[in-house]
Amino acid sequence: MTNVVKIIEGMNTAMVACDANFNVLYANPRCKELFKDLLQVEDFVDNNMVDCHKPETMVKLKVLFEEYKQKTRKLDYYTMEIPDGTLTIVNVPHYNDDGIFAGAVEYIFEGALG
């Protein structure tokens, strides 16, 4: 089996994972580069998403996470304009072995999809 960590680490797509309490668990190298450029943050792993999102965004994320917990939503996506163009952010839930919501993984694509 291919080493999945090497694949994730080598992707040219940013990826960040958090737990159900919005604690950042992992960010691949591309995500760290992108956030360093956009937010001037060196490393945000082990921090809470509250530290890097606007309050109104956290309100939306709390609703989204509740929908993931209830399994009424399978993913969410939106676009965001940045100085160099457009980002498309796709957010998907992950669950533990018992099927309980454990957090989300966010993929940040540099450009518009479609």
Is the closest side-chain heavy-atom distance between L87 and E110 below 4.5 Å?
-> yes

V45 side chain near K32 side chain, heavy-atom distance below 4.5 Å = yes

Taking only residues two or more places apart in sequence or in another chain, which ones pass ring-ring contact (aromatic ring centres under 6.0 Å, His included) with Y107?
-> none

Greater than 12 external heavy atoms within 6.0 Å of Y77's OH = no

Please output the side-chain donor-acceptor pairs of residues 51-63 that fall under 3.5 Å, not counting sequence neighbours, one pair per line with the distance.
none

Evaluation steps, side-chain contact (heavy atoms from CB on, under 4.5 Å), between V92 and K74 | CA-CA 7 Å; V92 295; K74 294 184 180 183; over 6 Å; no

Taking distance alone, no hydrogens or angles, what donor-acceptor pairs closer than 3.5 Å link side-chain atoms of residues 5-17 to residues at least two apart or in another chain?
residue, atom, partner, partner atom, Å
E9, OE2, Y26, OH, 2.3

Nearest heavy atoms of T88 and G111, plus distance in Å = OG1-O, 2.7 Å

Looking only at heavy atoms, which two atoms of Y68 and R73 are closest? And how far apart?
-> CD2-O, 3.3 Å

Kindly assign one of parallel, tilted or perpendicular to the pair F65 and F22, based on the angle between their ring planes and the thresholds 30° and 60°.
-> parallel

Side-chain donor/acceptor of N21 to backbone N/O of N23, under 3.5 Å | no

Do D98 side-chain atoms and I100 backbone N/O form a donor-acceptor pair below 3.5 Å?
-> no

Rounded to the nearest 0.5 Å, how far apart are [atom1] of [X] and [atom2] of [Y]?
| X | Y | atom1 | atom2 | result |
| --- | --- | --- | --- | --- |
| I82 | T79 | CD1 | OG1 | 11.5 Å |
| N96 | D19 | CG | CG | 12.0 Å |
| N47 | C18 | CG | SG | 12.5 Å |

